[in-house]
Amino acid sequence: MPNKTLIFKPYFIQKGRGPHLDEFAYLMDMNGDTFHSDVAVKNQGVTISNTKGIKKFTLNVRWNVEGYGYLFMPADNGGEFYSLPQFGSLHLNLNFELAKTRIYRNRRRQANFNREGWLASRELSAMINLAENYLDDAIKNVQDDETCARFSQQALLYALWASEMLELEKARWNIAKNSARLDFLFGCDGRGYFQMDSELFLERFTEVFNYATITHYLIGDFVDFEPVEGQKQFAERDRLLADLEKYKIQVAGRPLFWTHKWVTPDWLKNKTFPQLLNYLEKHIRTVVGHYGNRIKVWEVVNELHDWANELFLNHEQTIELTKFACDVVRDVNPNLKILINNCSPFGEYVQKGLWHELPARYPQRTPFQFTEQIIEAGTDFDAIGVQVYFTSKTLADYIGVIERYEKLGKAIHLAEVGAPSRGITQEFLDEEPGDYSTLPYEWHRHWDEELQADWLEAIFTYAYSQPMIQAANWYDLIDGFSFLKNGGLLRSPKGERKAAVDRLKKLQEKWRILQ
């Protein structure tokens, strides 16, 4: 074992077969940005010995809390963060550190909410007290690692439930004391128009949505927009837009630039950077000019923060391209709103060192770091897109990463929200993983339609409660075509509604009558 090693020892006191600790872990700095390190999950525990010059950090591990879920969660020393020991090895009880972190975060969050006049419900207060009492028991038994771990696990269980209840009770309190947000955008992708009968699509879509996105992927779309350079396919999109306009649905176009292997044709990969900028200007002027004021919002770049990079652009090029593209949109039509869309809000891909599947050639940035950089460069845009697909993180931690963006002074769109309605979370997988009951559940229980509705209700409730968030978009509409397997709101192109549709209707009816 090298010198200056921090070791978090897990105590597997869970009853089930597991797994209880995932083999992947990552660190964040004091700002909440993931950085690359040598953190590793080994037999002796989670080890850290080289943090690449970062002095204080948070550990994130995926840990199974039976009764809540198998999720990534942070350990940050109760908000004081960790440092490597000055010499030798330092051993910490992982169970205790996870519980302490969650309970201390809950304390800070509750204190902030109380200052606004909010008070916890009786149920939430009981949950908070249970967590605190179990933490006290863990502290009293800190010399007995196994006993301390057992009390810590109970403390963590109740603290996780409390953190979720805390956020949702406060969000509902915010909504109740404010008037209805008649301009809030309830959105979804519009590709279902081509995946089912178009009239049935319009009937289902307009029941709950007032906002739609129309995609313009060069390849990999329902109809490829530009598989051959210069041959843009507007006809199908014009037809969709015209029908959405009949129902007064506001429309966003997306994306003007995305460099992922799913959507990047070979002819684009072969361009030099100056050639790329020249193409992009022509592309933007043609596409944005084609729609005029009919499309109100344009997603100018999508996921350009080092998550995927088929064109091997360096940091300076991504910033220059983003600023240039936004300037061209402004020049074509200054009336439009410009959105920069980011994925993977926790930035854990930085630890993996991958541009999706390609080894990263340059140091990677988190979405927040990229957004800060383009603002510092003077990029002219209006809104930040944050994606909130369920990816084995807690609801409270998602809210934490969303709220980081508030200080940047831009509007926020939850540009893509999603969760499955069956089994476990899967992305574009055709094969079933087998018997779900043999695996730990991710959140509350194995996914079903009502649990998917719970995720939708939680995210949309939080979004509606926050003036900084202007829109929340579910992705996608129909199973069989959704990014997350079983992640649609309709079971099939026949249009059978899932529970999440009814849940969203009820929320909207309740919010609509607020004075």
Subject >> Any side-chain donor near an acceptor of the partner, Ser152 and Asn93, under 3.5 Å >> reply: no
Original post:
Any salt bridge between Arg150 and Asp144, counting N to O under 4.0 Å?
Top reply: no
Original post:
Tell me, do Gln110 and Ile128 make a side-chain contact under 4.5 Å, heavy atoms counted?
Top reply: yes
Original post:
Does the ring center of Trp474 lie less than 6.0 Å from the ring center of Tyr211?
Top reply: no
**OP:** Flag the pair Arg172 and Glu169 as a salt bridge only when some basic side-chain nitrogen lies within less than 4.0 angstrom of an acidic carboxylate oxygen.
**Re:** no
Subject >> Side chains of Arg105 and Asp397 in contact at under 4.5 Å (non-hydrogen atoms) >> reply: yes
**OP:** Indicate whether the side chain of Tyr11 and that of Asp145 have a donor and an acceptor atom separated by less than 3.5 Å.
**Re:** yes
Subject >> Which atom of Val300 lies closest to which atom of Ala325, heavy atoms considered >> reply: CG1-CB, 3.4 Å
Original post:
With ring centroids as reference points, do Trp355 and His260 lie under 6.0 angstrom apart?
Top reply: no
Subject >> Identified ring pair (Phe, Tyr, Trp, His ring centres under 6.0 Å) counterpart of Trp455 within the set Tyr398, Tyr389, Phe460 >> reply: Tyr398
Original post:
Ion pair present between Glu416 and Arg254, side-chain N to carboxylate O less than 4.0 angstrom?
Top reply: yes
**OP:** Taking only Lys NZ, Arg NE, NH1 and NH2, and the carboxylate oxygens of Asp or Glu, determine whether Arg422 and Asp479 approach each other closer than 4.0 Å.
**Re:** no
Original post:
With distance as the sole criterion, is a donor-acceptor pair present between the side chains of Lys4 and Asn50 under 3.5 Å?
Top reply: no
**OP:** Test Asp33 against Arg404 for salt bridge (Lys or Arg N to Asp or Glu O under 4.0 Å), laying out the working first.
**Re:** CA-CA 10 Å; Asp33 290 304; Arg404 284 191 72 196; 3.0 Å; yes
Original post:
Does the side chain of Ile175 come within less than 4.5 Å of Thr461's, by heavy atoms?
Top reply: yes
Original post:
Any side-chain donor paired with an acceptor under 3.5 Å for Glu299 and Asn341?
Top reply: yes
Original post:
Does a side-chain heavy-atom distance below 4.5 Å link Leu166 with Leu124?
Top reply: yes
Original post:
Will you find, in the side chains of Glu123 and Trp161, an N or O donor that is under 3.5 Å from an N or O acceptor?
Top reply: no
**OP:** For Gln452 and Ala500, work out which heavy atoms get closest and say how close.
**Re:** OE1-CB, 4.1 Å
Original post:
Under 4.0 Å between a Lys/Arg side-chain N and an Asp/Glu carboxylate O for Arg109 and Glu167?
Top reply: yes
Subject >> Nearest heavy atoms of Ile319 and Ala377, plus distance in Å >> reply: CG2-CB, 3.5 Å
**OP:** Output yes when Asp76 and Lys56 qualify as a salt bridge under the 4.0 Å nitrogen-oxygen rule, no when they do not.
**Re:** no
**OP:** Report the C-alpha distance between Lys506 and Glu457 in whole Å, list the side-chain angles of each, state the deciding distance to 0.1 Å, and finish with yes or no for salt bridge (Lys or Arg N to Asp or Glu O under 4.0 Å).
**Re:** CA-CA 10 Å; Lys506 291 178 181 178; Glu457 178 176 357; over 6 Å; no
**OP:** Mind listing the closest non-hydrogen atom pair of Leu414 and Ile469 along with its distance?
**Re:** CG-CG2, 4.0 Å
Original post:
Would the Phe151 and Phe96 ring centres measure less than 6.0 Å apart?
Top reply: no
Subject >> Heavy-atom closest contact (Tyr26 atom, Val39 atom, distance) >> reply: CA-CG1, 4.0 Å
Original post:
Salt bridge between Arg365 and Glu372, side-chain N to carboxylate O under 4.0 Å?
Top reply: no
Original post:
If you take all heavy atoms of Ala415 and Gly385, which pair is closest and at what distance?
Top reply: CB-CA, 4.0 Å
Original post:
Is there a donor in the side chain of Glu303 and an acceptor in the side chain of His356, or the other way round, less than 3.5 Å apart?
Top reply: no
**OP:** Find out whether the Lys NZ or Arg CZ of Lys393 is both under 6.0 angstrom from the six-membered ring centre of Phe346 and within 45° of the ring's axis.
**Re:** yes
Subject >> Pair Tyr82-Glu97, side-chain donor/acceptor within less than 3.5 Å >> reply: yes
Original post:
Does the side chain of Phe368 come within less than 4.5 Å of Asn31's, by heavy atoms?
Top reply: no
Original post:
Think Arg62 forms a cation-pi with Tyr70, using NZ or CZ under 6.0 Å from the six-ring centre and within 45 degrees of its axis?
Top reply: yes
Original post:
Is any side-chain heavy atom of Phe35 closer than 4.5 Å to a side-chain heavy atom of Thr366?
Top reply: no
Original post:
What about Phe390 and Trp447, are their ring centers closer than 6.0 Å?
Top reply: yes
